[in-house]
2 protein chains.
Amino acid sequence: MRVLKYAILGLLDKGQLSGYDITSKFKEEIGHFWSAKHSQIYPELKKLTEEGFVEYQIVIQGTKLEKKVYSITELGKKELHEWMNRYSPIPDTQKDEFMLKAYFVSSLSQEEAKQLFKDQLEKRGQAIAFLEERLQELEGKEEPVSFSSPDFGHYLVLSRALEREKGYISWLERMIAKIGG
Amino acid sequence: MRVLKYAILGLLDKGQLSGYDITSKFKEEIGHFWSAKHSQIYPELKKLTEEGFVEYQIVIQGTKLEKKVYSITELGKKELHEWMNRYSPIPDTQKDEFMLKAYFVSSLSQEEAKQLFKDQLEKRGQAIAFLEERLQELEGKEEPVSFSSPDFGHYLVLSRALEREKGYISWLERMIAKIGG
DNA sequence: ATTACCATGTAATTAGTTACATGATTAG
DNA sequence: CTAATCATGTAACTAATTACATGGTAAT
């Protein structure tokens, strides 16, 4: 499937980036839904260059630090567009280690089960405030964020990440009540 | 992390299973949140046997078909319990190829974007009716499903899978309205 | 007979993480 | 000067998928 290939092409379609910049992007906005380590990114960039989907210029940072700044080619844009419009099947499995534990809950005592769920609730709760702030920043800047806004993609990932987390938390709360004890 | 190891131990803790049975389990209930192919399961079972966490008996099906029926050992139960009570960090990234496309939405026309979201909504909608039925079956059988029920783990995965899907869909609907056109 | 399913394995490849390795720049 | 960050790569390993390979069972 080579999803990383398309992730990189999509990022470069927004503007020129170095391998390091791409690594950083995966720690920000889009990191909620896709990421990769630099050790996977550099070889992929090399491959994409060989395939003609991207190209790079060497830029000198300071006096000697060589930086490779990548751009998407016309061929790369075509490839990206083809993927964007191609139907990608929804995977049957969305892996979630906590839910695997939940399925095996009968191997725990009621107290242990309650602790497991409460710990999960606490950890999941920590991310929400941060996401809510980011979303309000975006919405405050421009309300409502519309399709034509350059921030629309950002808005989509933020709002989805927030809702996903909220949904998880409300389910956890209901299940904690159900476990009782 | 070896999550598959614990997935297998957890399944065997509920009862004896062959490698084929484990493969089947990953296509049912728990398959929403974890799965593996038989080509990954058989070597893992071999490793778990060597490590003393599981053991097997050979059972003859029909006249010559040899089946290995695995059981969890005391050591395996200890190992499973340790993992169940160990805190597993929530991954920063929960990969979702559709959301990656959503982030790159600016590379699409308004019509293409709308189509992308509508297709996703349609596909996501298909799973819901099935999940809803299963959950009602379970709740009809025993209302409310409580911690002490042998079906509680099943109930947890079904209700979570359903809510996850419902949350996704309601978000998709709101975003389709926002894309407009 | 033939089809769907039961049953177990290995080989090859792709995807992803952790560790190894090096060096420059910038801000305090 | 020193710590955080910028910058790029490779090596080793683990995880997971796809393909190869074989054969038995049960129901029609």
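Hydrogens, waters and symmetry mates play no part in the numbers below; they use all other heavy atoms, side chains included. Each chain gets a letter, A, B and so on, in the order its sequence line appears, and its residues count up from 1.
- Using five terminal pairs a side, the axes of the helix from C:dA1-D:dT28 to C:dG28-D:dC1 at its two ends make an angle of 30°, given in steps of 10 degrees.
- Going from atom NZ of B:K25 over to atom P of C:dC6 covers 13 Å, rounded to whole Å.
- Applying the side chain to side chain contact (heavy atoms under 4.5 Å, CB included) criterion to A:Q110, with sequence neighbours excluded, gives A:I179, B:F147.
- Only A:H38, A:S39, A:Y42, listed by number, bring a heavy atom of residues 29-43 of chain A to less than 4.0 angstrom from any atom of DNA chain D.
- Remark: A:Y168 engages no residue in a ring-ring contact (aromatic ring centres under 6.0 Å, His included) (not counting sequence neighbours).
- Applying the side chain to side chain contact (heavy atoms under 4.5 Å, CB included) criterion to A:V59, with sequence neighbours excluded, gives A:V69.
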A correct 5'-to-3' footprint of nucleotides 23-28 of chain C, with B, S and - meaning base, sugar-phosphate only and no protein heavy atom under 4.0 Å, is BSS---

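- Evaluation of the side-chain hydrogen bond (donor to acceptor under 3.5 Å, both in side chains) test over residues 151-163 of chain B, restricted to residues two or more places apart or in two chains, returns A:W171-B:S159, A:R174-B:E163, B:K141-B:D151.
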Using a cut-off of under 3.5 Å, enumerate the N/O to N/O pairs linking the protein to nucleotides 1-5 of chain C.
none

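- Hydrophobic cluster membership of A:Y42, counting Ile, Leu, Val, Met, Phe, Trp and Tyr whose side-chain heavy atoms lie under 4.5 Å apart directly or via other members: A:Y20.
- Grouping Ile, Leu, Val, Met, Phe, Trp and Tyr by side-chain contacts under 4.5 Å, direct or through others, leaves B:L65 on its own.
- Figure legend: cation-pi geometry between B:K123 and A:Y87, with NZ or CZ positioned under 6.0 Å from the six-membered ring centre and within 45° of its axis.
- Scanning for side chain to side chain contact (heavy atoms under 4.5 Å, CB included) contacts around A:K77 gives A:D13, A:I72, A:E74, with sequence neighbours left out.
- Following rounding to the nearest Å, B:K46 (NZ) and C:dA11 (P) show an atom-to-atom distance of 10 Å.
- Contact footprint of chain A on DNA chain D: nucleotides with an atom under 4.0 Å from a non-hydrogen protein atom, first to last in 5' to 3' order, D:dT5 to D:dA16.
- At the heavy-atom level, B:K5 lies nowhere under 4.0 Å from the strands shown.
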